[in-house]
Amino acid sequence: MNLYDEIFSLIESKNEGQYWDFKREPHKKNEDLLHDILCLANAKHDGDRFLIIGVDDPSEDCKIIGLNDCTDNRKNEANLNDFLNNKHFAGGNVPKVNVRTLDFESKEVDVIIIKNSQFKPFYLEENYEYVKAFHIYTRTGDRNTPKNKNANFKDIEYMWKEHFNLNLDVEERFKRYLNDFGNWNLDFDAKKSALYKLVPEFSIELSEINNTNCVEPFNTFYLDNSLSYGDALFKYNDNDIFNCIYAYCDGGRVLMPHPKYKLYKRSNSMMIGFYYYCLDDIEGLFAKLITKNTFNFECRFHSFPFIVVDDNNMLNAFIKYLDENLDISDINADISFNKNDPNKYTSSKSLESLVYIALLFKEWKLCYFDG
């Protein structure tokens, strides 16, 4: 659901709730604005939170009032972030906010979007007017914690659990930690292992290498076509939580998770495919960790063509684009690759199409995120 439809459905509900609040007009006092943002930022909700300004409260049937250029105390995104960044938040942990203006019934409504974050609770280390230092505020149902009180113990306990990922199961915690690539101690060369420094019960171990005479299509792009395989074990204490196949390419010079290959039939019955990593999958997260989020598997100026998608929705959207736009006649058959012993290369995959589709993805991705 896009932002417009989501906000419209909240207005149509004629109610306020756990993650949204209506205001007829911008806050006259900045302390009230700050208090509302803190309450929504700390609310128990898996998603963005909304402070919707220019809409009356439920007692007035959530009538759309609207704002204009002459409305007092109206804030844009830069104004609001400057205001927040000048407050003394504990640990320098400032809520992330965006401001969007939407048009309903030819009237402007400002939506302050408070982004969801695991780093709750948000609170001040110095008083700001009547917003108290070291007070933790939240929102329960459609009610905010009063400025002179603290949230209840159970709500605060849950915020700290969320802060340290203790509200998640082991699988989700592992995926969250893999995204925190800066806090991993990687030693795949000597010890064939990696350790998450903040919670060392989480680790990765590489099994012994299995050498093979096979040549995979992705490996033919490197100068040395030798290929080795093994299992990457993602462990919590002594328990295996995930595993995936890893590969050493270019004579052992470059380590990578074995990429996934998507083969699909186009509407004209032509089979086409490409290599990819998905950031919802363990292979994609491992690739992100190994490369420190660069996804650069280049070795001696060579790499193989692949794409990186955020999730299966993005993957399916790209496949739809290919089905509607790919012209196979555009693939350059003159592109050459090093394949030391062509007799070992038995796959029917088109190397030329791998390169071309990876280039198409770069162009398409810009349009995809621009909407």
Side-chain angles (χ1 to χ4, degrees), residues 174-189 192-196 202 204 206 216-225 227-234 242-264 272-319 321-322 335 337-338 349-370:
F174 217 135
K175 288 183 177 181
R176 186 74 63 84
Y177 294 152
L178 288 170
N179 273 299
D180 185 20
F181 51 86
N183 278 309
W184 281 83
N185 184 10
L186 306 181
D187 191 7
F188 292 125
D189 292 330
K192 305 298 181 187
S193 65
L195 193 70
Y196 186 56
F202 290 84
I204 304 169
L206 302 186
E216 293 278 1
F218 69 84
N219 198 48
T220 64
F221 288 83
Y222 292 100
L223 293 175
D224 185 332
N225 289 164
L227 183 63
S228 303
Y229 283 120
D231 290 320
L233 306 175
F234 298 77
F242 301 109
N243 65 60
C244 71
I245 298 173
Y246 73 85
Y248 271 111
C249 296
D250 200 19
R253 293 177 178 85
V254 58
L255 167 68
M256 67 180 69
H258 194 293
K260 290 189 173 182
Y261 184 76
K262 182 66 177 181
L263 181 67
Y264 75 101
I272 198 77
F274 53 87
Y275 286 112
Y276 74 98
Y277 291 112
C278 177
L279 296 181
D280 267 354
D281 298 333
I282 199 66
E283 291 86 354
L285 292 172
F286 194 28
K288 182 178 181 178
L289 175 66
I290 291 172
T291 63
K292 298 189 183 300
N293 203 31
T294 66
F295 294 95
N296 181 1
F297 291 111
E298 184 178 280
C299 187
R300 299 191 289 176
F301 305 106
H302 292 265
S303 185
F304 73 102
F306 61 94
I307 71 172
V308 180
V309 295
D310 293 339
D311 50 37
N312 284 326
N313 289 333
M314 187 174 177
L315 178 65
N316 291 331
F318 179 59
I319 290 172
Y321 172 81
L322 286 180
I335 298 175
F337 303 93
N338 181 74
K349 297 182 180 72
S350 165
L351 300 183
E352 289 78 10
S353 67
L354 296 176
V355 173
Y356 186 65
I357 290 174
L359 291 174
L360 279 180
F361 178 77
K362 290 181 180 179
E363 298 174 3
W364 171 83
K365 187 177 178 182
L366 295 174
C367 300
Y368 179 79
F369 283 109
D370 286 344

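Just so it is clear, the structure is predicted and the values come from calculations on it, not from any experiment.
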Verdict with reasoning, Y276 to F306, per ring pair (Phe, Tyr, Trp, His ring centres under 6.0 Å): CA-CA 5 Å; Y276 74 98; F306 61 94; over 10 Å; no

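- Scanning all heavy atoms of the two residues, the minimum distance from L354 to P305 falls at O-CB, 3.5 Å.
- With values rounded to the nearest 0.5 angstrom, D310 atom CG is found 8.0 Å from C278 atom SG.
- The heavy-atom pair separating P257 from I290 by the smallest distance is CD-CD1, 3.8 Å.
- Not one N or O on the side chain of W184 forms a donor-acceptor pair closer than 3.5 Å with the backbone of K292.
- Checking side-chain atoms of D311 against main-chain N and O of M314 turns up a donor-acceptor pair under 3.5 Å.
- Side-chain atoms of E216 and Y261 include no donor-acceptor pair closer than 3.5 Å.
- Taking each heavy atom of Y275 and P259 in turn, the nearest pair found is CD2-CG, 3.8 Å.
- Expressed to the nearest 0.5 Å, how far NZ of K262 lies from CG of L322 amounts to 11.5 Å.
- Below 30°, between 30° and 60°, or above 60°: for Y277 and F297 the angle between ring planes is between 30° and 60°, a tilted geometry.
- Judged as a salt bridge (Lys or Arg N to Asp or Glu O under 4.0 Å), and not counting sequence neighbours, the contacts of D250 are R253, R300.
- Between F218 and F304, the gap from one ring centroid to the other is short of 6.0 Å.
- Put simply, CG on L285 and CG on D280 are 8.0 Å apart, with the number rounded to the nearest 0.5 Å.
- Under the 4.5 Å side-chain criterion, counting only non-hydrogen atoms from C-beta, F286 is in contact with F234.
- Shown here are the ring pair (Phe, Tyr, Trp, His ring centres under 6.0 Å) partners of Y246, two or more places apart in sequence or in another chain: Y248.
- Summarising the geometry, atom CG belonging to D189 is positioned 10.0 Å from atom CG belonging to L206; distances are rounded to the nearest 0.5 Å.
- A donor-acceptor distance shorter than 3.5 angstrom exists from the side chain of N219 to the backbone of N225, with no hydrogens or angles considered.
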Could you walk me through whether K288 and L178 pass the side chain to side chain contact (heavy atoms under 4.5 Å, CB included) check? CA-CA 8 Å; K288 182 178 181 178; L178 288 170; over 6 Å; no

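- Atom-to-atom distance recorded for I319:CD1 and L315:CG is 4.0 Å, nearest 0.5 angstrom.
- K260 and E283 get closest at one heavy-atom pair: CE-OE1, 3.6 Å.
- Judged by distance alone, with hydrogens and angles left aside, the side-chain atoms of N296 form a donor-acceptor pair with the main-chain N or O of E298 at under 3.5 Å.
- Side chain of D180 to backbone of R176: no donor-acceptor contact under 3.5 angstrom is found.
- With values rounded to the nearest 0.5 angstrom, L289 atom CG is found 11.0 Å from N183 atom CG.
- Every residue two or more places apart in sequence or in another chain that forms a ring pair (Phe, Tyr, Trp, His ring centres under 6.0 Å) with F318 is listed here: F274, F361, W364.
- Proximity of F295 to L279: side-chain heavy atoms (C-beta onward) are separated by under 4.5 Å at one or more points.
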Do F188 and I204 pass the side chain to side chain contact (heavy atoms under 4.5 Å, CB included) test, and can you show the C-alpha distance, the side-chain angles, and the key distance before you say yes or no? CA-CA 9 Å; F188 292 125; I204 304 169; 4.3 Å; yes

